[in-house]
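To start, the structure itself, in structure tokens.
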Amino acid sequence: MELHSDQTIWYFFKKGEVNGFNLLFKKYYPQLHVYGLKLSNNQEITEDCLQNFFIQLYEDREKQTIINNLKAYLFVSFKRRLIKQLQKNQQNISISETQLFNHNFTFSAEEISIHQEIQFLCTSTLANLINNLSPRQKEVLYLKYYSGMKSSDIAEVMDMNYQSVLNVLQKALLKLRKESENQQIKNILKKS
Amino acid sequence: MNNKNNFDLQYFLSDASFENWAKGLNKNDIAYWNSWIKNNPEYFETVENAKSIITGINFNKKHLDNDKINEALSEILPKIGLDPLPKNKSNRTRAINSTLLTMSAALVLILISWTSYTYINNNSTTIHKTNFGEIIDLKLPDGTSVVLNGNSEISYKKDNPRLLNLKGEAYFKVKSIPSTNAKFWVITNDLKVEVLGTQFHVNTRKQKTNVVLDEGSIHLEFMNGEVTKMIPGEMVTFSKDSKKMTHKKVDIATPYALWRGDTYAFNEIPLKDVMTNLELTYGLEVQYTSNELKEIPISGGIPNQNLKICIAAIEKATGTRIINKNNILRVQENPIY
């Protein structure tokens, strides 16, 4: 049973209670921290941005209308802020999101564990495969399986429609599955 | 099957029993979907894709160090003018404070191990009882979750854990058993709550029973024989003595049973009602120097895991001074305000 639902946390946060702020911060700071690092690959910028993000969120709390989905809202607005900051640092406002995040969302072998579906790949091969997917595919995989987001929330964060999220997931996982099957066949051929 | 066209990715992904099959969770679901796939081989590819999406990739999540989170938090709080810890204290007093804190924590632990207990008596009745100011999470044998507030008690017979008696205040998340439609009952002095699978809150303090329904649907059977149905978001209050029943809508966005977190939630509630809450959970007596003080409204969250912190928060929220002497709380005006 989740004792502090997002609804509860948001209610207290909006009231300006220190408790509400603490609850929101403790729940989402860690999640946004990892997300920011994966996006920017830069700890200093991520942490600076996060601090300013929470300050602004607090100061503007009364302007916020009802938020149905706190998690998606926080992810998407933090991402926007981070992009702005990165563009500023590059002194190039026109630089696109894809160019900015060209090398983002790289995963190490330690970050991945293997389960039955793709058991014929070792973690380093799997990490390699994931890292070679498109930035968009990687971000969707990250939001889905690392942050545990619902597909409908991912659609909101990525500014895509629901069906496209499913398509991206399907394509990315199909690629991994095919590779796993190839490896399985190779293993069998080796043995015989 | 007459609506074959609808078996797309989205259909499988939104089906809970399909998800169980993909994760290998529920025997019935596994058997059902295995045979379904055998009979519908044309959907094999879609099924495999849906399964891939459900099982996905297992990431080993990195956990940010708690110290780091707290450090970031204490850095940010002063910047927005929310500072819960008095910063102007010298290091020496702070050191003393922290020893005091560990001491009182140890004391609380000992107290809890003394007082919160579960016992089974000769008639094989299980009783869970909490002491003042203590909240426990329970899992009943049938899978139902119960959060029992301070100074409360539930009891049930071993052969029927789905029929229980409540004194005090509790929150229930009842596990539904669809195969047998087994009902769940909560009995208080005033009424009986009949449940299928749902989440609700019952409070029997102050010679009356309050029931708030969060999710699902329940029937109430009053001791006078009357029966009523509740819908989510409703609160029903009944007292056997006054034979008065009230039905009203409550704001679920202001969660009614919030004490089950570490916070009491109050929405424009007069101080006297807030203090009654404290009297009941901590076993205290409250006195006021003037009647006006009783009516000061409080909104927001008050931490409830520690009486001291709780009182400090109420003082701050109402601008009063509350003095605790031998478990009698004296509420008076604060000369500073």
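Proteins come first, then strands; the chains are lettered A, B, ... in the order of their sequence lines, and each starts at number 1. Keep in mind the model is a prediction, meaning the values are calculated, not measured.
- Distance check, rounded to the nearest 0.5 Å: CZ of R177(A) to NZ of K51(B) gives 9.0 Å.
- Looking at every heavy atom in both residues, I69(B) comes nearest to F25(A) through O-CE2, 3.5 Å.
- The greatest number of non-hydrogen atom pairs below 4.5 Å with chain B, out of I55(A), L174(A), L141(A), L169(A), is found for I55(A).
- L173(A) is listed as a side-chain neighbour of I57(B), based on a closest heavy-atom distance under 4.5 Å.
- Using a 4.5 Å heavy-atom cutoff, the side chains of Y29(A) and L73(B) are not in contact.
- Of the charged side-chain nitrogens involved, at least one lies within less than 4.0 Å of a carboxylate oxygen, so that K68(B) and E47(A) count as a salt-bridged pair.
- By the 4.5 Å heavy-atom criterion applied to side chains, E110(A) and N60(B) are not counted as neighbours.
- Considering only heavy atoms from C-beta on, I112(A) stays 4.5 Å or farther from N58(B) through its side chain.
- For the atom pair CG (L77(B)) and CG (N22(A)), the distance works out to 5.5 Å, reported to the nearest 0.5 Å.
- When side chains are defined from C-beta on, F59(B) counts as touching F107(A), because their heavy atoms get closer than 4.5 Å.
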Next item on the list: Could you give me the CA-CA distance, side-chain angles and deciding distance for F54(A) and I80(B), then say whether side chain to side chain contact (heavy atoms under 4.5 Å, CB included) is met?
Entry: CA-CA 9 Å; F54(A) 274 104; I80(B) 51 172; over 6 Å; no
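- Other residues, nucleotides and ligands contribute at most 12 non-hydrogen atoms within 6.0 Å of the CG atom of D159(A).
- Side-chain contact check for N66(B) versus K26(A): every heavy-atom pair is 4.5 Å or farther apart.
- Within residues 144-155 of chain A, the residues having any heavy atom closer than 4.5 Å to a heavy atom of chain B are K144(A), Y145(A), Y146(A), listed by residue number.
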